[in-house]
Amino acid sequence: MFGLIDGNSFYCSCERAFNPALRGKPLVVLSNNDGCVIARTQEAKDLGLKMGDAWHLVRQKPELRDVEWRSSNYALYGDMSRRMYEVLLELVPLVEPYSIDEMFLDLTGLPGDMTARCIAMRDAVRRIAKIPTCVGIGPTKTIAKLANRIAKGDRAGSGVCNLSSADVRASAYEKVLIGDLWGIGRASVGKLGALGIDTIAQFVALPPDRVRDLLTVTGLRTHAELRGISCMPLSLIPPAKKSLAHTRSFGEAVTDWDAMREAVGIYTVRAAEKLRRHGLMASAMQVFMRTNEFNNDSKYANSVTVPIETTADTFALVDAATKAAFRLWRDGFRYAKAGVIFIDLYPTAAVPASLFPSRDPEHSARLMTAMDSINRRFGRDAVWPGGVKPEARWQMRRARLSPCYTTRFDQILEARCGGRSVLLED
DNA sequence: TCTGGGGTCCTAGGACCC
DNA sequence: TCTGGGGTCCTAGGACCC
């Protein structure tokens, strides 16, 4: 039996955990660059705010003037996610983190009433990790996801929905739309809708061959899972990464090559840091740049994939990325976004020695280790490759960034004795 | 002025091989 | 006049997820 627990309005809940003044108020968290809405509290949903709403348009509406907002703070959310995971590990033997705010649980063989257990689990996460959650229970991951969705929709309920019984499932399938299913997106809803299939019950009634023809093997898997056949086991070992990227929209359009070169250089430095954190090396990279997709600027978008000598060396990677970017660069456009994606990744330990390396691998490894530890000790960006100096002009906007309460000592929450103390407890 | 970022998986079609 | 069969690998693009 599977459980799926997920944080309600997770990013907003993280902000609220450290700022009680935000409780009970409509609050949204914005994407990078303060571009669009990516998390909303119930109060904000009630005001009609949608996922993906462009913030600059929302702000203009007078009735939404009092909506609180924050720039996204992934260092904080990632750490809160870890706390949630640790609380759960104490209560359930197997926990599989699925996304920053969701974890699958193995509930097989746990004694006592399943629903009651999950209610207690939810309380513990609320109390210790300060995150309100909902839990779905079912014999497959897809059904647990569905149950979770139903729990979230039932605002007066216990926050737990148990679909382990076939009868309860059958009646739920009648009421839920196919588009609310995990794995069924817009395109599939269109295809099924054309055949008059709108509810999960109708979908489940289709013959498997028909489902495969329509939605390929992924659709077939969802179909089987809904019928109680588990096709997605719990995996405790996270699968090896296949790609790793750093891509950003610019705060302000980039029009000269120097600024683009710097941007791509910095994105490469970041991606290379991430590469080393994961103990990986890349043997190919993709670089892209593009103009704004939404406004009336003349359009240009291009990307190039280049093989590289397998490495995690920032200098080598910046060099390759800069050359690739130069091939893409065309004068006269207003660039809005660029990115660097590493593909063909290998664990550092598994990379065979090159016969004629262009850089001494041992020297490179020592240099990278030194660079990373200096930056860890003296703050991010204490040392940089020459020629890749960050320039504020085009960097992303993050106008209302909350402190990294839990990951940086200089931003830790202050509590005062005597006056009104800032407590994390309710 | 202003519309995110980072992933995975599947399929079709082309290039190439014997 | 006639033009196979079987296979692999790579890439681009679509679809989906959070």
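Atom set for the values below is all heavy atoms of this structure, side chains included, hydrogens, waters and symmetry mates excluded. Letters A, B, ... mirror the listed sequences (proteins, then strands); counts begin at 1.
- A salt bridge does not link A:Glu15 to A:Arg400: none of the charged nitrogens lies less than 4.0 Å from a carboxylate oxygen.
- Using modelled atom types, no side-chain atom of A:Tyr11 and backbone atom of A:Tyr74 make a donor-acceptor pair closer than 3.5 Å.
- Under the salt bridge (Lys or Arg N to Asp or Glu O under 4.0 Å) criterion, A:Asp372 pairs with A:Arg276, not counting sequence neighbours.
- A:Phe104 pairs by the ring pair (Phe, Tyr, Trp, His ring centres under 6.0 Å) definition with A:Tyr98, A:Trp182, not counting sequence neighbours.
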### Summary
Per-nucleotide protein contact along nucleotides 13-18 of chain C, 5' to 3', at a 4.0 Å heavy-atom cut-off (B base, S sugar-phosphate only, - neither), is --SSSS

Would you be so kind as to tabulate the donor-acceptor pairs closer than 3.5 Å made by side chains of residues 192-214 of chain A, with sequence neighbours excluded?
from, atom 1, to, atom 2, distance (Å)
A:Thr199, OG1, A:Gln202, N, 3.2
A:Thr199, OG1, A:Gln202, OE1, 3.4
A:Gln202, OE1, A:Asp198, N, 2.7
A:Gln202, OE1, A:Thr199, N, 2.9
A:Gln202, NE2, A:Gly196, O, 3.3

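- Residues satisfying the side chain to side chain contact (heavy atoms under 4.5 Å, CB included) test with A:Asn19, not counting sequence neighbours, are A:Ala21, A:Leu22, A:Arg70.
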Distances for protein N or O near nucleotides 9-11 of chain C N or O, under 3.5 Å:
none

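- Residues from residues 276-287 of chain A that place a heavy atom under 4.0 Å from any atom of DNA chain C: there are none.
- Residue A:Lys242 has no polar side-chain atom (N or O) positioned under 4.0 Å from OP1 or OP2 of B:dG7.
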### Message
Taking Watson-Crick (N1-N3 plus N6-O4 or O6-N4) and G-U wobble (N1-O2, O6-N3), each under 3.5 Å, can you produce the dot-bracket string of DNA chain C? Use [ ] for crossing pairs and | for inter-strand ones.
### Response
....||||||||||||||

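- No engagement by A:Arg398 is indicated, since no non-hydrogen atom pair under 4.0 Å with the nucleic acid exists.
- A:Arg117 is linked by a salt bridge (Lys or Arg N to Asp or Glu O under 4.0 Å) to nothing, counting only residues two or more places apart in sequence or in another chain.
- In this view, A:Asp123 satisfies the salt bridge (Lys or Arg N to Asp or Glu O under 4.0 Å) rule with no residue, not counting sequence neighbours.
- Formation of a donor-acceptor pair under 3.5 Å by the A:Thr268 side chain with backbone atoms of A:Val264 is found in this model.
- Atom CD in A:Glu273 sits roughly 13 Å away from atom P in B:dG6 (whole-Å rounding).
- Remark: the backbone N or O of A:Phe315 is paired with a side-chain donor or acceptor of A:Asp313 at under 3.5 angstrom.
- With sequence neighbours left out, A:Arg290 forms a salt bridge (Lys or Arg N to Asp or Glu O under 4.0 Å) with A:Glu293.
- Side chain of A:Asp180 to main chain of A:Arg149: no donor-acceptor pair is present (N/O by atom type, distance under 3.5 Å, no hydrogens or angles).
- Rounded to whole Å, the C1' atom of C:dG4 lies 14 Å from the corresponding atom of B:dC17.
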Interface polar pairs with nucleotides 1-5 of chain B, N/O, under 3.5 angstrom:
from, atom 1, to, atom 2, distance (Å)
B:dC2, N1, A:His56, ND1, 3.4
B:dT3, OP2, A:Asn292, ND2, 3.2
B:dG4, O4', A:Ser31, OG, 2.8
B:dG5, OP1, A:Ser249, N, 2.6
B:dG5, OP2, A:Ser249, N, 3.4
B:dG5, OP2, A:Ser249, OG, 2.9
B:dG5, OP2, A:Lys337, NZ, 3.3
B:dG5, O3', A:Arg248, NH1, 2.8

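- The aromatic rings of A:Tyr267 and A:His246 lie tilted to each other, with the angle between the two planes from 30° to 60°.
- Rounding to whole angstrom units, CG of residue A:Asp344 and P of B:dG7 are separated by 15 Å.
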### Task
Give the C-alpha distance, both sets of side-chain angles, the deciding distance and a yes or no for side chain to side chain contact (heavy atoms under 4.5 Å, CB included) between A:Lys45 and A:Ser9.
CA-CA 10 Å; A:Lys45 291 174 193 171; A:Ser9 316; 4.0 Å; yes

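- Between the side chain of A:Asp344 and the backbone N or O of A:Ser283, no donor-acceptor pair lies under 3.5 Å.
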